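No hydrogens, no waters, no symmetry mates; every other heavy atom, side chains included, goes into these values. All values reported here derive from a predicted model rather than from experimental measurement.
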Amino acid sequence: MIIYHPFKDANHCSYRIISLLYKNKNKINDDVIKFMDFYYLFPQQLKNILGWPRSNSKTAKKIKLIETSYEFIENPRRVFFELNVIRKNTLAHLFSKGIISFSEDFLILHENKIPQSLINTLKNDTFRTSFEFSVISDELSKLPVKGKNGLKAKTNLMEYRYDE
């Protein structure tokens, strides 16, 4: 039996990156997209972000209602690390095609390089209209990455103690 998961699929990784950049007005911080991509694949892991959002907020209440999938991730940090390897290769491919570029710690999407059929697919993607996607694309990008209140610390997916 063959079991597919988009986690190891470079094409799906390209789609996720393009989808996130397209939603965020074609520009996202290079460090933030690592976290956004992880939560795009595993939205149920949003529940495990420490101290975010505030426990009584509407967003926090909705995050608690996110359906737990059948997947159990024993070591999210390892999955995050493995995903980073795939993402780096995918980004290199997108750079080589001129679809994205890098400027001042930001990934920039060149929308004119994307086929209209892909833009139509993005517009018709039901996940992109979900609560989970709006949290990932809108709220995560507002958080700092470094420091004790940053994404590294709150998610426990990366070491933060040695940040400046």
Side-chain touch Ile49/Leu140, heavy atoms, less than 4.5 angstrom: yes
Excluding sequence neighbours, so at least two apart, what forms ring pair (Phe, Tyr, Trp, His ring centres under 6.0 Å) with Phe42? His5, Phe38
Taking salt bridge (charged side-chain N to carboxylate O under 4.0 Å, His left out) as the cut-off, I'd like each qualifying pair that reaches into residues 13-23, sequence neighbours left out, listed once. Arg16-Asp37, Lys23-Asp138
Under the salt bridge (Lys or Arg N to Asp or Glu O under 4.0 Å) rule, collect the residues that match up with Lys142, sequence neighbours excluded. Glu139
ring-ring contact (aromatic ring centres under 6.0 Å, His included) pairs touching residues 81-115, sequence neighbours excluded, are none
Here the pair of heavy atoms bringing Tyr160 nearest to Lys148 is CE1-CA, 3.8 Å
Under the salt bridge (Lys or Arg N to Asp or Glu O under 4.0 Å) test, which residues partner Lys34, sequence neighbours left out? Asp31
Please report the closest heavy-atom contact between Ala153 and Leu50, naming both atoms and the distance. O-CD1, 4.3 Å
List the atom of Leu107, the atom of Leu21, and the distance in Å for their closest heavy-atom pair. O-CD2, 3.5 Å
Less than 4.5 Å apart, side chain to side chain, heavy atoms only: is that true for Pro6 and Leu41? yes
With sequence neighbours excluded, what pairs up with Glu104 under the side chain to side chain contact (heavy atoms under 4.5 Å, CB included) test? none
Between Ile28 and Leu20, the two heavy atoms sitting closest are CD1-O, 3.4 Å
Work out which heavy atom in Val135 is nearest to a heavy atom in Trp52; give both atom names and the distance. CG1-CH2, 3.6 Å
What pairs with Phe127 under ring pair (Phe, Tyr, Trp, His ring centres under 6.0 Å), at least two apart in sequence or on another chain? Tyr40, Phe133
Can Tyr15 and Asp125 be counted as having a side-chain donor-acceptor contact under 3.5 angstrom? yes
By side chain to side chain contact (heavy atoms under 4.5 Å, CB included), Ser14 pairs with (sequence neighbours left out) Thr90, Leu94
Partner residues of Ala60 under the side chain to side chain contact (heavy atoms under 4.5 Å, CB included) criterion, sequence neighbours left out: Pro53, Ser57
So, do Lys27 and Leu109 sit near enough that their side-chain heavy atoms are less than 4.5 Å apart? no
Trace of the side-chain contact (heavy atoms from CB on, under 4.5 Å) decision for Lys113 with Ile100: CA-CA 9 Å; Lys113 298 276 188 167; Ile100 61 173; over 6 Å; no
Scanning both residues in full, the closest heavy-atom pair of Lys64 with Lys47 reads O-CE, 3.8 Å
Partners passing side chain to side chain contact (heavy atoms under 4.5 Å, CB included) against Asn156 (at least two apart in sequence or in another chain): Arg77
Could you tell me which residues satisfy ring pair (Phe, Tyr, Trp, His ring centres under 6.0 Å) with Phe35, sequence neighbours excluded, listed by chain and number? Phe80
Do Ile63 and Glu132 come within less than 4.5 Å of each other through their side chains, counting heavy atoms only? no
Taking salt bridge (Lys or Arg N to Asp or Glu O under 4.0 Å) as the definition, give me every residue that meets it alongside Glu82, ordered by chain and number, with sequence neighbours left out. Lys8, Arg78
